[in-house]
Asker: 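Supplied in C-alpha cells, the structure appears directly below.
The structure presented is a predicted model; accordingly, all values stated were derived computationally and were not measured.
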Amino acid sequence: MFAIQFSVKQSKKKLILLAAIGAVLAAICIAATVNILEKPRDTAKSDSCGEYSLDVKNGDFSAFFGQLGIDSDNAPESEQSVRIPEEFDEVYNEYNELQKKSGLDLSIYKGKQAEQLKFRIKNGAVNYAVLLLIDNRVIGGHLTNGEYKSEMLPLTE
C-alpha cells in the first residue's frame with residue numbers, strides 16, 4: 001500500500017500562478033491583435049486595378065494616383081482634419097460601401113482622426129480626387145466633380 005500526500009496550499013498556489021500566467025498571455029495576444037487591426041494597411045485590392053499600395057511615401061501623391069491611372073497635382077488643393085464616426089449612419093454606411101469597391105473599409109477606423117485632402121485631376125471625367133489618410137496611408141477616398149451633392153465614384157474607377 002502506498003499513500004499520496006496532497007497539499008491544498010501548494011495546489012492553490014500553483015493554480016493561482018497558472019491563472020496569472022494565462023491572464024498575462026491573453027492580454028499580450030489581445031494587445032497584439034488590436035495593434036495589428038488599428039495599423040493602417042499597406043495595400044488594397046480592387047477588381048478594376050488589382051493590388052495597389054496605400055503608402056504615400058514622402059508626400060508623393062502623384063505616385064499613388066499613378067497606380068490608379070489618375071494624373072493629378074501632387075499638392076492638395078485643400079486639407080482638413082476629419083473624424084471617422086464611432087457609429088455609421090445611413091450616409092456613412094453608403095460611403096463605406098463606395099470604399100469597399102476600391103478594396104478599402106472605413107469601419108476599421110471608427111472613431112479615428114484622419115486627414116482629408118482634395119486634389120485636382122488633370123485627365124479624368126471628374127475634377128477632383130479626395131483622399132482620407134492616417135499615418136501617410138490612404139484609408140479611403142473618392143472621385144467627384146466637386147459640386148455639392150454630386151455623385152461620388154470609387155478611387156479605382
Asker: Looking only at heavy atoms, which two atoms of Gly103 and Ala44 are closest? And how far apart?
Answerer: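 Closest approach of Gly103 to Ala44: O-CB, 3.5 Å.
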Asker: Quick one: pull up CD in Glu115 and CD in Glu79 and give me the separation to the nearest 0.5 Å.
Answerer: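 Reported value, rounded in 0.5 Å steps: 7.0 Å.
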Asker: Check the orientation of Phe88 and Tyr92. Use parallel for under 30°, tilted for 30 to 60°, and perpendicular for over 60°.
Answerer: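 Taking Tyr92 first and then Phe88, their aromatic rings sit tilted (interplane angle of 30° to 60°).
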Asker: Looking at Asn123, I'd like to know if its CG atom is crowded, meaning that more than 12 non-hydrogen atoms belonging to other residues, nucleotides or ligands lie closer than 6.0 Å.
Answerer: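 Yes, enclosed.
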Asker: Do the non-hydrogen side-chain atoms of Leu98 and Met152 ever get within less than 4.5 Å of each other?
Answerer: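 Yes - at least one pair of side-chain heavy atoms lies under 4.5 Å apart.
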Asker: Measuring only between side-chain heavy atoms, which start at C-beta, is Ser53 closer than 4.5 Å to Gln67?
Answerer: yes
Asker: Closer than 3.5 angstrom, by distance alone: can the side chain of Asp105 be matched with the main-chain N or O of Ser107 as a donor-acceptor pair?
Answerer: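 A pair under 3.5 Å: yes.
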Asker: With a cut-off of 6.0 Å (strictly less than), are more than 12 heavy atoms of other residues, nucleotides or ligands near CD of Gln113?
Answerer: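 Result for CD/Gln113: enclosed.
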Asker: What I want to check is whether the side chains of Ser150 and Thr144 have a donor and an acceptor closer together than 3.5 Å.
Answerer: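 A pair is found: one side chain offers a donor N or O, the other an acceptor, under 3.5 Å apart.
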Asker: Within the 4.5 Å heavy-atom criterion, are Ser78 and Lys118 side-chain neighbours or not?
Answerer: yes
Asker: Give a yes or no on whether the backbone of Glu147 and the side-chain of Asn145 come within a donor-acceptor separation of less than 3.5 Å.
Answerer: no
Asker: Is any side-chain heavy atom of Phe61 less than 4.5 Å from a side-chain heavy atom of Leu117?
Answerer: yes
Asker: Are Asp42 and Leu54 packed together at the side-chain level, in the sense that at least one heavy-atom pair is separated by less than 4.5 angstrom?
Answerer: no
Asker: Please check if the distance between the ring centroids of Tyr128 and His142 is under 6.0 Å.
Answerer: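 Not under 6.0 Å, so no.
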Asker: Count the heavy atoms belonging to other residues, nucleotides or ligands that lie under 6.0 Å from NZ of Lys110, then report whether that count exceeds 12.
Answerer: yes
Asker: Can you name the closest pair of heavy atoms from Ser102 and Thr156 and give their distance?
Answerer: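 Of all heavy-atom pairs spanning Ser102 and Thr156, the closest is OG-OG1, 3.3 Å.
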Asker: Quick one: closest heavy-atom pair of Ser72 and Phe119, and the distance?
Answerer: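 The pair with the smallest heavy-atom distance is OG-CB, 3.3 Å.
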Asker: Would you please name every residue forming a ring pair (Phe, Tyr, Trp, His ring centres under 6.0 Å) with Tyr52, sequence neighbours left out?
Answerer: none
Asker: Tell me the closest heavy-atom pair linking Leu155 and Gly141, and the distance in Å.
Answerer: CG-C, 3.6 Å
Asker: Can you confirm whether more than 12 heavy atoms, excluding those of Glu87, are under 6.0 Å from its CD atom?
Answerer: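 Not buried by this count: 12 neighbours or fewer within 6.0 Å.
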Asker: State, with a plain yes or no, whether a side-chain heavy atom of Asn96 is found less than 4.5 Å away from one of Gln99.
Answerer: yes
Asker: Heavy atoms, side chains only, cut-off 4.5 Å: are Leu132 and Val138 in contact?
Answerer: no
Asker: Salt bridge (Lys or Arg N to Asp or Glu O under 4.0 Å) with Glu77: which residues, sequence neighbours excluded?
Answerer: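 Testing Glu77 for salt bridge (Lys or Arg N to Asp or Glu O under 4.0 Å), a comparison that skips the adjacent residues, returns Arg120.
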Asker: Just one of Leu131, Leu133, Leu106, Leu104 clears the side-chain contact (heavy atoms from CB on, under 4.5 Å) bar with Ile139, so which one?
Answerer: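 Only one option passes, and that is Leu106.
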Asker: Hey, quick one: are Val56 and Leu143 part of the same hydrophobic cluster, counting side-chain heavy atoms closer than 4.5 Å, chains of contacts allowed?
Answerer: yes
Asker: Working to the nearest 0.5 angstrom, can you tell me the gap between Ser62 OG and Asn74 CG?
Answerer: 3.5 Å
Asker: Please check if any side-chain donor atom of Asp55 sits under 3.5 Å from a side-chain acceptor atom of Asn136, or the reverse.
Answerer: no
Asker: If you look at every heavy atom in Phe65 and Ala129, which pair is closest and at what distance?
Answerer: CE2-CB, 3.6 Å
